[in-house]
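Beneath this line is the structure, given in structure tokens, with notes to follow.
Proteins get letters first, then strands, A, B, ... in listed order; numbering begins at 1 in each.
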There are 2 protein chains.
Amino acid sequence: MATATDSHPSIDWTSYATTQIQAAGLRRSGARQKVIQMLGRQSCALTALDIDAKLPKVGRATVYRAIEQLEELNLIHRVDLGGNAFGYEKVDPTGDHHHHIVCDQCGKVEPFADEELEKAIHEIRRNGFRISSHEITLKGTCQNCD
Amino acid sequence: MATATDSHPSIDWTSYATTQIQAAGLRRSGARQKVIQMLGRQSCALTALDIDAKLPKVGRATVYRAIEQLEELNLIHRVDLGGNAFGYEKVDPTGDHHHHIVCDQCGKVEPFADEELEKAIHEIRRNGFRISSHEITLKGTCQNCD
DNA sequence: GTATGTGCAAAGGCTTTGCACACGT
DNA sequence: ACGTGTGCAAAGCCTTTGCACATAC
């Protein structure tokens, strides 16, 4: 299954997101496309201000509006980064996903995936709720801080 | 194991928290005690502003300072309530804990516990991190909003 | 050509801080 | 008595909103 595009996994998400944005009746506008392409290049979560800082030519309000729209369409999702901060990262169109481990001391974030955990999560049923997604954050201390 | 105090499970946490606060060299002051007693009575997470609203005689800054200290001592922890809001709830001294399911539409929060999930979580090992805690949030739509 | 999208600047909401006074030990 | 704790008000941050101009379709 490995293909030549494996080294640029973001291309898939970028074009997928662009398609979905258009399917939703939104325009393929310059500023929003810059946000999409930037997020497509990231492997892990960035805060709204991180995104804004990386795109000096895009207004901050536009960054926030783009985040809102992308989240609405389920193209990105928010993750708790500790310390009153939220990050955003792309949602893999294949359904593949990971969770995060955050260092309490320095705020360092690393992704991780665990199949047993996913199984356990998908077993959960809750009366009165239709569950659509889940977020798991592990907290601890990283080597540098320990 | 059921005892007469089961109907007031919060008493344990309240006195435990008070003891820990004093052990940390902090004083048993009026305002902070009010925050502790209030949190002890809650069964689920409250935001800083919820806490402030419930304690009109305690200054807002004091509420935030108390939250900071209680979190530092691991007597409460923060939970993601969706929509840019964080809630705080007591940490059970017996180690007992639950997670949350949040309605995307109305923000309703319900606690849940799942033993298989806890097992899976405790199996996780991650090089370069000493894991101390975890947070799990399920998201979905509740009956009223569906 | 028209409705959507954008950037700026202002407003808003939550959280933190500075400081003088109050209180616990 | 001393140092911690408190409340108020001001400042700080991040996020959202209003509005005139620009751009995609």
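Protein atom CD1 of B:I21 is 15 Å distant from nucleotide atom P of C:dG24, rounded to whole Å. If you measure from atom CD1 of A:I36 to atom P of D:dA24, you get 14 Å, rounded to the nearest angstrom. We find that CG of B:D52 is positioned 10 Å from P of D:dC8, with the value rounded to whole Å. Following rounding to the nearest Å, A:R60 (CZ) and D:dG18 (P) show an atom-to-atom distance of 19 Å. Between B:K34 atom NZ and C:dC23 atom P the separation is 11 Å, expressed in whole Å. In this structure, the CG atom of B:L81 is 14 Å from the C1' atom of C:dC14, given to the nearest Å. Going from atom CD of B:Q33 over to atom P of C:dA22 covers 22 Å, rounded to whole Å. Rounded to a whole Å, the CD atom of B:Q69 is 7 Å from the P atom of D:dT6.
Contact annotation for A:K57: backbone-only contact, meaning every heavy-atom pair under 4.0 Å involves sugar-phosphate atoms and none involves a base. Across all strands, B:Q22 comes closer than 4.0 Å only to sugar-phosphate atoms, never to a base (heavy-atom distances). Counting any heavy atom pair closer than 4.0 Å across all strands shown, A:R32 reaches sugar-phosphate atoms only and no base atom.
Taking 4.0 angstrom as the limit, A:S29 places a side-chain polar atom (N or O) nearer than this to OP1 or OP2 of C:dT6. Of the side-chain N and O atoms in A:T62, one or more sit less than 4.0 angstrom from OP1 or OP2 of C:dG7.
Using a 3.5 Å distance cut-off with no hydrogens or angles, the side chains of B:R130 and A:Q143 do not pair a donor with an acceptor.
When each of A:A61 and A:L26 is assigned the nucleotide of DNA chain D bearing its nearest heavy atom, the one mapping closer to the 5' terminus is A:A61.
Judged purely by atom type and a 3.5 angstrom limit, A:T47 has no side-chain atom pairing as donor or acceptor with the backbone of A:F86. Under a 3.5 Å cut-off, the side chain of B:K139 and the backbone N or O of A:S133 do not form any donor-acceptor pair.
In this structure, of C:dT6, D:dT6, C:dT25, it is C:dT25 that holds the atom nearest to the side chain of B:R28. Which of C:dT17, C:dG7, C:dT25 sits closest to the side chain of B:R65 comes down to C:dT17. Between D:dG7, C:dG7, C:dC23, one nucleotide has an atom nearer to the side chain of B:R27 than all others, and that is C:dC23.
Residues A:L81 and A:L138 fall into different hydrophobic clusters, defined by Ile, Leu, Val, Met, Phe, Trp and Tyr side chains chained together at heavy-atom separations under 4.5 Å.
Below 30°, between 30° and 60°, or above 60°: for A:H99 and A:H134 the angle between ring planes is between 30° and 60°, a tilted geometry.
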